[in-house]
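Each remark here refers to the structure printed beneath this line.
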Amino acid sequence: MQERSFDRYDVCIVGASIAGNYLAYLLSKSNLKIAVLEDHKEIGLPFQCAGIISQKLNKLIDLPKEIVLNRVNTAKIVSPSGNFIKLSGNERPYIIDRIQLDRLFYKKAKENPNIIFYLGERYKSFENRIRDGKKYLLIESSKRNIIAKMLIGCDGPLSLVGKQLNVKNDIIFASQIRVKAKFFNHEAAMYFNPQWKQLFGWIVPEGNQICRIGIASTKHVNTNFKRFLNDLNVDMNDKIDQQGGIIPYGVMNKLAFDNIFLLGDAAGQVKATTGGGIIMLLTAAKYASNCVNLCFKNCNFSKKFIKKHYEKPCLRAIGKELKFHFILRLILENFSSKDFEIFFKIIKENKIEHLITFYGDMDFPKALIFKLLRNRTVLGFMFKFLLKTPVIIFKIVKLFL
Ligand SMILES: Cc1cc2nc3c(=O)[nH]c(=O)nc-3n(C[C@H](O)[C@H](O)[C@H](O)COP(=O)(O)OP(=O)(O)OC[C@H]3O[C@@H](n4cnc5c(N)ncnc54)[C@H](O)[C@@H]3O)c2cc1C
């Protein structure tokens with residue numbers, strides 16, 4: 001650690017994207033002195049999101065109208081050969097202005113003079129220290145040293161805070177363009193293909209005749225993306241801009257450590273089926289803020305205390321559902337093109353769309369999975385598929401041990 005004077009804070013949050021800003025905003029209601037370190041100079045940039053979020057968003061936060069760019073009425077799910085199922089039901093996801101969502105909570109948190117944002121400042125490391133039998137942290141950034149009681153890693157999929165705690169996310173790479181498009185005004189589409197098996201190709205209607213088209217995969221993302229755009233007959237003259245990004249892939253990580261915890265993508269709080277993390281992290285942030293307040297009230301910053309008041313509530317609220325997302329993903333990524341076709345046929349012939357429409361939940365899939373497995377044809381297909389790929393059974397069992 002460099003020889004520098006120390007700035008003293010109660011809490012240091014690393015990362016001022018949606019997780020860090022929302023947590024800072026929730027904590028702005030307390031009297032805690034908080035430093036937020038953000039590597040980038042401008043909040044919300046670079047823009048790296050498809051911005052499709054379920055209606056739960058409106059229940060979790062007070063959602064300003066101007067942040068909602070569009071609503072989706074129909075979801076089209078497309079098989080590798082171009083067969084598709086169209087789902088439309090009660091769920092009408094929001095398409096949001098992600099940059100403004102990040103800025104909303106940044107601006108709100110900043111209203112509290114106890115919360116200081118250090119933009120363009122990179123977190124580097126922490127050291128544990130003890131004084132009078134009490135633990136605290138020495139934190140080094142690119143510009144200052146900080147003494148704090150708590151450190152919270154909201155620093156995304158490649159979290160440095162996590163790395164220093166031996167927590168590492170598996171990741172997939174995403175690429176997206178925004179294009180002028182006359183179609184898809186209220187229809188989102190997901191294109192499945194064994195070539196980009198860790199997720200799907202997406203078309204999200206931003207509104208105002210603009211679409212966000214993207215793809216995510218572990219390998220060859222650029223080649224796959226070119227192929228996908230080609231298959232869709234996208235005219236590259238209609239391209240407005242391009243984004244890239246990283247998505248954590250797996251189940252929720254360990255969250256709690258002495259004086260430290262992780263939140264958002266850093267914690268793997270992301271749905272393995274869609275790569276969506278916003279509903280999950282907003283849910284987790286409420287437990288996180290409650291936990292921070294309890295830590296200071298009880299002067300207890302131990303791993304055990306943080307586990308009880310943050311990790312366990314998160315596991316109950318989202319952790320188990322994230323495991324179901326991962327199971328679905330394991331199944332989908334092992335589907336061959338033929339499996340996709342058979343599965344789509346089963347859904348169509350057995351009129352299962354209405355089940356998906358009725359019980360389908362973008363965030364919590366457990367109920368739908370059990371409903372689908374009650375159908376004998378689906379159950380038979382899954383049984384045969386799993387016998388063919390026993391490695392999935394092994395991975396599923398390991399998840400619940
Ligand atoms: C292409 C793409 C499309 C997506 N589409 C959707 C979607 O449609 N719906 C949805 O719900 N989710 C979507 N997601 C996922 C969603 O964007 C993430 O779940 C969400 O951004 C996670 O927020 P976060 O604050 O945890 O992490 P991030 O948004 O990754 O932010 C981490 C922040 O920490 C900062 N940081 C990192 N390291 C340091 C350091 N050492 N020092 C200081 N600062 C640091 C970074 O600069 C960044 O600002 C998408 C992701 C991608 C990549």
Side-chain angles (χ1 to χ4, degrees), residues 12-24 35-54 56-57 60 72 93-96 98-99 101-103 105-106 117-126 139-143 151-164 169 171-178 188 190 199-204 206 212-217 221 225 242-249 253 262-285 288 322 362-363:
C12 174
I13 297 175
V14 183
S17 175
I18 180 70
N21 291 345
Y22 185 57
L23 180 62
V36 187
L37 302 176
E38 170 52 52
D39 197 13
H40 290 111
K41 289 193 175 127
E42 271 187 84
I43 299 289
L45 297 179
F47 164 63
Q48 294 174 326
C49 195
I52 180 162
I53 308 183
S54 75
K56 289 185 201 75
L57 182 63
L60 284 166
V72 170
Y94 295 107
I95 309 302
I96 54 137
R98 173 62 200 271
I99 299 171
L101 184 69
D102 287 12
R103 289 183 182 167
F105 294 114
Y106 163 68
F117 283 81
Y118 295 108
L119 303 185
E121 188 161 329
R122 187 165 176 73
Y123 160 84
K124 287 169 107 177
S125 63
F126 75 85
I139 296 159
E140 184 182 7
S141 82
S142 49
K143 295 191 184 155
L151 171 65
I152 303 166
C154 301
D155 48 344
L158 301 177
S159 171
L160 198 51
V161 178
K163 196 173 162 196
Q164 285 157 358
N169 289 305
I171 50 167
I172 52 177
F173 302 94
S175 200
Q176 177 177 269
I177 56 170
R178 290 171 66 246
M190 287 175 256
L199 212 64
F200 45 72
W202 63 84
I203 302 181
V204 167
E206 182 182 294
R212 299 169 181 173
I213 304 181
I215 205 172
S217 65
V221 68
F225 194 34
Q242 179 146 10
Q243 299 82 42
I246 289 175
I247 299 175
Y249 170 79
N253 293 321
L262 302 172
L263 173 68
D265 275 18
Q269 290 163 336
V270 175
K271 298 177 282 183
T273 48
T274 65
I278 292 172
I279 292 292
M280 298 296 152
L281 69 86
L282 292 176
T283 308
L322 288 174
M362 281 175 68
D363 306 302

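Just so you know, ligand 1 is whichever comes first in the structure, and atom 1 is the first atom listed for that ligand. What you see is a predicted model; the values in this text were computed from it and never measured.
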| said: With no hydrogens and no angle check, just 3.5 Å: does a side-chain donor-acceptor pair link N169 and N253? | reply: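 Yes, a side-chain donor-acceptor pair sits under 3.5 Å.
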Checklist entry - Side chains of Q243 and Q48: is there a donor and an acceptor less than 3.5 Å apart? => result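 The criterion, which ignores hydrogens and geometry beyond distance, is not satisfied for Q48 and Q243.
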Looking only at protein heavy atoms, identify the closest one to [atom] and say how far it is in Å.
| atom | value |
| --- | --- |
| atom 25 (O) of ligand 1 | A19 N, 3.0 Å |
| atom 34 (O) of ligand 1 | G15 CA, 3.3 Å |
| atom 6 (C) of ligand 1 | C49 SG, 3.5 Å |
| atom 36 (N) of ligand 1 | D155 CB, 4.0 Å |
| atom 35 (C) of ligand 1 | E38 OE1, 3.3 Å |
| atom 1 (C) of ligand 1 | A174 CB, 3.6 Å |
| atom 44 (N) of ligand 1 | D39 N, 3.0 Å |
| atom 42 (N) of ligand 1 | Y123 N, 2.9 Å |

Close-contact set for ligand 1 against [X] heavy atoms, below 4.0 Å:
| X | result |
| --- | --- |
| V14 | 40 (C), 42 (N), 43 (C) |
| G245 | 53 (C) |
| L37 | 43 (C), 44 (N) |
| G264 | 26 (O) |
| G277 | 10 (C), 11 (O), 12 (N), 15 (C), 19 (O) |
| G51 | 7 (C), 8 (O) |
| P157 | 30 (O) |
| I247 | 51 (C), 52 (C), 53 (C) |

Are side-chain heavy atoms of [X] and [Y] found at a separation under 4.5 Å?
| X | Y | value |
| --- | --- | --- |
| R98 | S17 | yes |
| I177 | F225 | yes |
| R212 | I95 | yes |
| Q164 | F126 | yes |
| I52 | V72 | yes |
| M280 | V270 | no |
| T274 | W202 | no |
| Y94 | I278 | no |

Considering all heavy atoms, the nearest S141-L37 contact: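 Where S141 meets L37 most closely, the heavy atoms are CB-CD1, 3.9 Å.
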How close do I13 and C154 get, counting heavy atoms only, and between which atoms?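 Heavy-atom minimum between the residues: CG2-SG, 3.9 Å.
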- Query: At the 4.0 Å heavy-atom cut-off, does G275 count as touching ligand 1?
  - Reply: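 G275 counts as a contact of ligand 1 under the 4.0 Å cut-off.
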May I ask whether K271 has any heavy atom positioned less than 4.0 angstrom from an atom of ligand 1?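 K271 does not count as a contact of ligand 1 under the 4.0 Å cut-off.
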C154, portion touching ligand 1 at heavy-atom distance under 4.0 Å
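It is the backbone that gets close, since no side chain atom is under 4.0 Å.
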Region of V204 engaging ligand 1 - heavy atom pairs below 4.0 Å: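 Under 4.0 Å from ligand 1, V204 contributes no heavy atoms.
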Which option wins on minimum heavy-atom distance to [atom]: [options]?
| atom | options | answer |
| --- | --- | --- |
| atom 52 (C) of ligand 1 | Q48, R122, K163 | Q48 |
| atom 31 (O) of ligand 1 | A188, A16, P46, S17 | S17 |
| atom 21 (O) of ligand 1 | R98, H40, E121 | R98 |
| atom 8 (O) of ligand 1 | I52, L199, I171 | I52 |

Below the 3.5 angstrom mark, is there an N/O of [X], backbone or side chain, next to an N/O of ligand 1?
| X | answer |
| --- | --- |
| I278 | yes |
| A50 | yes |
| I246 | no |

Quick check: does any side chain N or O of [X] sit under 3.5 Å from a backbone N or O of [Y], one acting as donor and the other as acceptor?
| X | Y | answer |
| --- | --- | --- |
| D155 | V161 | yes |
| K271 | I279 | no |
| S159 | A266 | no |
| Q269 | G264 | yes |

